Amino acid sequence: MAPLLDETPVSNVLCDPPTSMSANSSASASTPTSSSPLNIASIVSDPDQPSASSTVRNGVHDTISSETPSGTVVVVFQPGQEHIVHMVAEVLGKPWTTETAISTLSKTDVVVAGVVTDSLDRSLQDCDRAAIILVNTHSVEDGSAPDDTLSERCDYEFLYSRTPFLRRDLTRFLSLILGQTRPHEDLRTKTRTNFISTTFPDVHAALPNLDILSVGSDAVEIRVDLLVEPGCEGKVPSLKYVGQQLMLLRQHTELPIIFTTRCTKENGKFPMNDPSLFFKYLRRAIQWGVEYVDVELWLPEDIRRRLAEVKGNSIIMSAFHDFSGTWKWTSSDASRIFNESAKYGDIVKMIAMVSTIEENYELEYFRSTIKSRGSGPPLSAVNMGQMGQLSRALNTVFSPITHPLLPMIAAPGQLTAAEINEALHIMGQLPKRDLYAIGSFRSTPQSMFMEKCLNELGLPHSITCIDRGPKGSMESILLQPSFGGASLNPPVATSTSHIPILSDAARAIGLIDTIAATSSPTTTGTNSTRFIGENAAWKGIRATLTRDYVPSAYQGRAAIILSSSESDASATIFALRSLGVGSIYTVGFKAYGPLAVGLEPFTSIQSVKLVESPFVIVSALPPEKSLLVQPLLRHYRSNGRASPHSTRGKVYLDLTSGARKGDPLGVARSAGWTAYGAEDVTAWTTVETLRLLVGQNVPFDFVRMASGRSLF
Ligand SMILES: O=C1C[C@@](O)(C(=O)O)C[C@@H](O)[C@@H]1O
């Protein structure tokens with residue numbers, strides 16, 4: 001048997017990572033052995049804070065979604081590419097082995113096992129196939145493609161090249177295939193969703209503008225049929241080429257991808273004489289962990305059913321297009337098509353070419369009859385052609401959009417996100433709102449950025465930056481009749497008057513950083529607007545923490561939070577609890593609010609030394625105290641002898657902003673931590689804030705690019 005990394009007996013390692021130990025427990029094998037000096041006494045709070053069970057997750061019961069994957073993840077790797085097995089284990093926060101008899105492993109708890117391609121047959125002997133998730137991994141760096149039979153044998157396939165994006169792409173892939181992130185769950189709750197139909201023959205051409213292209217989009221469509229493989233012009237691009245193109249696209253956008261093989265009869269280039277070709281490509285897309293797969297309705301039912309059976313965590317978009325110009329939304333065929341699509345589709349897309357404006361009204365009537373059913377998959381329906389443009393503004397579910405920077409439009413009559421918003425505004429569907437960035441000078445750059453986004457998206461709203469000023473001045477803004485929402489930096493307490501409704505997160509955290517407008521229908525048929533106090537910061541923290549680790553990597557693991565006050569730490573506590581962390585040890589503050597239960601304050605240097613190695617440390621210290629975290633980072637450095645590699649201290653998040661003392665991020669990186677600064681959290685939080693304020697998606701990469709390294 002190949003040794004596990006730390007040479008711990010296999011029986012000890014093939015089990016869940018150690019659960020948290022109380023600060024009062026005596027030292028054990030998992031106690032860090034590093035003897036770095038600790039000098040944090042000056043920030044340790046009084047020991048009178050009662051401690052309670054770390055399993056209590058009050059306030060966040062609705063947000064926990066970090067299930068541990070069930071089954072052994074077997075990573076098939078090419079000779080010489082063992083590093084990919086380590087990386088999978090890292091991302092999952094699990095120990096790994098290159099144990100070759102999988103049958104013995106699958107009876108134990110979750111573990112990552114690497115199997116080199118040549119020994120797959122031997123390794124799988126007597127193995128319960130249902131107990132393992134077989135992931136083929138293949139480096140495309142040398143231009144090669146995986147062996148087709150090997151790909152087909154595996155459940156999933158990860159194509160990679162050694163770029164700075166590899167880790168992030170792997171995390172996203174694993175999170176999706178293991179069901180730990182479900183992007184569609186989030187998108188289905190949005191009032192409107194758009195996707196950008198890219199029409200590039202080669203994804204490379206899209207990369208320089210991808211960030212700007214996808215402002216206002218919730219997903220990116222790759223039109224596989226429009227890809228042109230060099231040397232194979234006029235032919236269906238090979239799976240090898242498609243795989244590389246998809247990998248490239250996914251490495252450059254955090255948005256979910258829609259994989260489309262549009263047929264020749266429906267304005268695409270995929271030949272229709274061999275439906276099994278569609279199955280092959282779409283099945284492979286599912287194996288590649290693509291979030292949305294477009295399955296055309298004309299395909300034989302057997303193919304559609306089989307795709308639905310193997311879809312895993314991908315979402316099937318059933319697609320029907322009619323270009324005849326004679327097809328009618330009022331015909332009985334419309335309902336028949338919807339029902340047939342709904343058999344295997346999670347979303348039903350119906351699109352027809354029209355030549356009169358009335359056909360948009362007919363579509364709206366059809367839409368309302370489908371809505372009135374109250375169940376079944378959502379309908380995404382638009383008309384093509386200039387006369388159909390109205391329907392593109394009225395459709396709310398995954399509206400296909402274009403952008404001036406694309407080489408061509410994907411279908412006649414397509415509009416940009418800005419055009420749709422402008423049309424909605426003119427029709428009275430998107431009234432102008434006065435938005436505010438309320439706070440200190442810190443909110444100015446953020447509000448300037450938001451203003452640019454409003455312009456880019458063609459939104460009619462205004463945004464005004466104002467200082468919070470004396471007590472009561474904010475309240476007077478909230479009472480203005482044209483008030484349309486606000487971002488608050490710094491956040492305000494949930495007790496602030498005139499914000500009567502709170503989200504669950506804001507209530508638990510005790511802070512509001514966004515006031516969002518929600519409109520709901522009244523009994524008289526009109527819409528009434530209400531304002532809700534939200535907290536976007538915790539989502540920014542969670543999104544940052546799950547960039548390089550899947551959510552379950554945090555489950556049951558210890559965390560340390562350093563802060564000068566409970567309020568500076570509360571969004572972090574909430575985010576960590578949403579990831580199901582184990583014990584949370586606190587340094588520098590006492591907690592009394594709804595999130596206090598289960599926190600264990602470090603009471604002395606001794607208690608720091610007695611607890612298990614934390615998986616994550618978050619510092620929310622003010623700049624003048626920022627260096628106080630450095631001894632902890634050194635103490636729990638990642639080369640501690642006692643823990644296996646894949647379970648030792650991992651993530652350091654530094655929420656301190658402004659001129660600071662010391663260089664905690666530098667110290668963390670050199671001590672082996674994956675370290676993030678406040679800028680990442682701020683960018684993710686801005687994504688969430690824009691979504692709450694104006695219901696539009698502005699991708700993280702765009703925010704990060706536009707904000708530079710130091711802005712807001
Ligand atoms: O299904 C659709 C919709 C579409 O045909 C349109 O009409 O905008 C554009 C296609 O790229 C996409 O796959």
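Just so we're clear, the structure is a prediction, and the values are computed from it rather than from any experiment. Each ligand, and each atom within it, is numbered from 1 in the order the structure gives.
Each of R392, H403, E419, M384 was checked for a side-chain contact (heavy atoms from CB on, under 4.5 Å) with Q414, and the lone residue meeting it is R392.
Within 6.0 Å of atom CZ in R373, more than 12 heavy atoms from other residues, nucleotides or ligands are found, so the atom counts as buried in its surroundings.
Counting heavy atoms from C-beta on, the side chains of F200 and L406 come closer than 4.5 Å.
Inspection of the Y344 and E301 side chains reveals an N or O donor paired with an N or O acceptor under 3.5 Å.
A distance limit of 4.0 angstrom between heavy atoms and ligand 1 selects the residues S197, E221, R223, T260, R262, H321, K349, I351, M384, R392, P400, A410, A411, Q414.
Taking the six-membered ring for Trp, F195 and Y292 have ring centres at least 6.0 Å apart.
In this view, R188 and H184, E185 satisfy the side-chain contact (heavy atoms from CB on, under 4.5 Å) rule, not counting sequence neighbours.
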